[in-house]
A.B. asks: 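Take a look at this one; I'll ask things after.
Both counts, for ligands and for their atoms, begin at 1 and track the order of listing.
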Amino acid sequence: RRPGGVADLDVQEAKPKVALPPLYKVIILNDDYTPMDFVVLVLERFFNKNREEATRIMLHVHQRGVGVCGVYTREVAETKVRQVTNFSGENQHPLQCTLEPE
Ligand code: TYC
């Protein structure tokens with residue numbers, strides 16, 4: 001029985017149905033020109049990876065062509081893509097970053 005409520009016999013407990021927001025993967029793509037160190041820096045700066053994890057992801061992308069940097073809600077994922085795109089352009093690197101529904 002809840003404070004101010006009615007007896008359990010009289011009411012069905014409401015199950016809170018909480019909708020989780022859709023999630024998006026932020027993906028980086030391999031290319032032949034962006035320096036490995038720069039990709040590691042991007043993963044540290046914008047995806048909060050430590051050096052070891054950033055290096056692991058960078059090498060995965062280098063070898064496999066594509067890799068996941070992180071999974072976020074839509075607005076956060078869009079912001080990460082924009083930040084990486086801007087930072088790469090400012091540094092004259094062709095690094096490509098995109099988002100994909102989870
Ligand atoms: N292939 C690049 C090189 O050999 C390194 C690289 C890794 C570039 C991951 C982009 O997303 C990337 N310098």
A.B. asks: So do the side chains of Val61 and Leu29 get within less than 4.5 Å of each other, counting heavy atoms only?
C.D. replies: no
A.B. asks: Out of Val42, Thr34, Asp31, who is nearest to atom 1 (N) of ligand 1 when you count heavy atoms only?
C.D. replies: Asp31
A.B. asks: Could you tell me if the side chain of Glu102 sits less than 4.5 Å from the side chain of Tyr24, heavy atoms only?
C.D. replies: no
A.B. asks: Would the number of heavy atoms belonging to other residues, nucleotides or ligands and lying under 6.0 Å from CD of Gln63 be above 12?
C.D. replies: yes
A.B. asks: Using the ring centroid of each side chain, check whether Phe87 and Phe38 are separated by less than 6.0 Å.
C.D. replies: yes
A.B. asks: Considering only protein heavy atoms, which is closest to atom 9 (C) of ligand 1, and at what distance to one decimal place?
C.D. replies: Val61 CG1, 3.6 Å
A.B. asks: Identify, for atom 4 (O) of ligand 1, the protein heavy atom at the shortest distance, and state residue, atom and that distance.
C.D. replies: His62 CE1, 3.1 Å
A.B. asks: Which atoms of ligand 1 sit under 4.0 Å from any heavy atom of Ile28?
C.D. replies: 11 (O)
A.B. asks: Counting C-beta onward and ignoring hydrogens, is there a side-chain heavy-atom pair between Tyr72 and Glu78 closer than 4.5 Å?
C.D. replies: no
A.B. asks: For ligand 1, is any non-hydrogen atom under 4.0 Å from Leu29's backbone (N, CA, C, O), its side chain (CB onward), both, or neither?
C.D. replies: backbone
A.B. asks: For the 3.5 Å polar cut-off, considering only N or O atoms, please tell me whether Asp32 and ligand 1 meet it.
C.D. replies: no
A.B. asks: Quick check: do Thr34 and Pro94 have side-chain heavy atoms less than 4.5 Å from each other?
C.D. replies: yes
A.B. asks: Distance to 0.1 Å, residue and atom name: give those for the protein heavy atom nearest to atom 8 (C) of ligand 1.
C.D. replies: Asn30 OD1, 3.4 Å
A.B. asks: Would you mind listing which atoms of ligand 1 come within a distance below 4.0 Å of any non-hydrogen atom of Leu95?
C.D. replies: 10 (C), 11 (O), 12 (C)
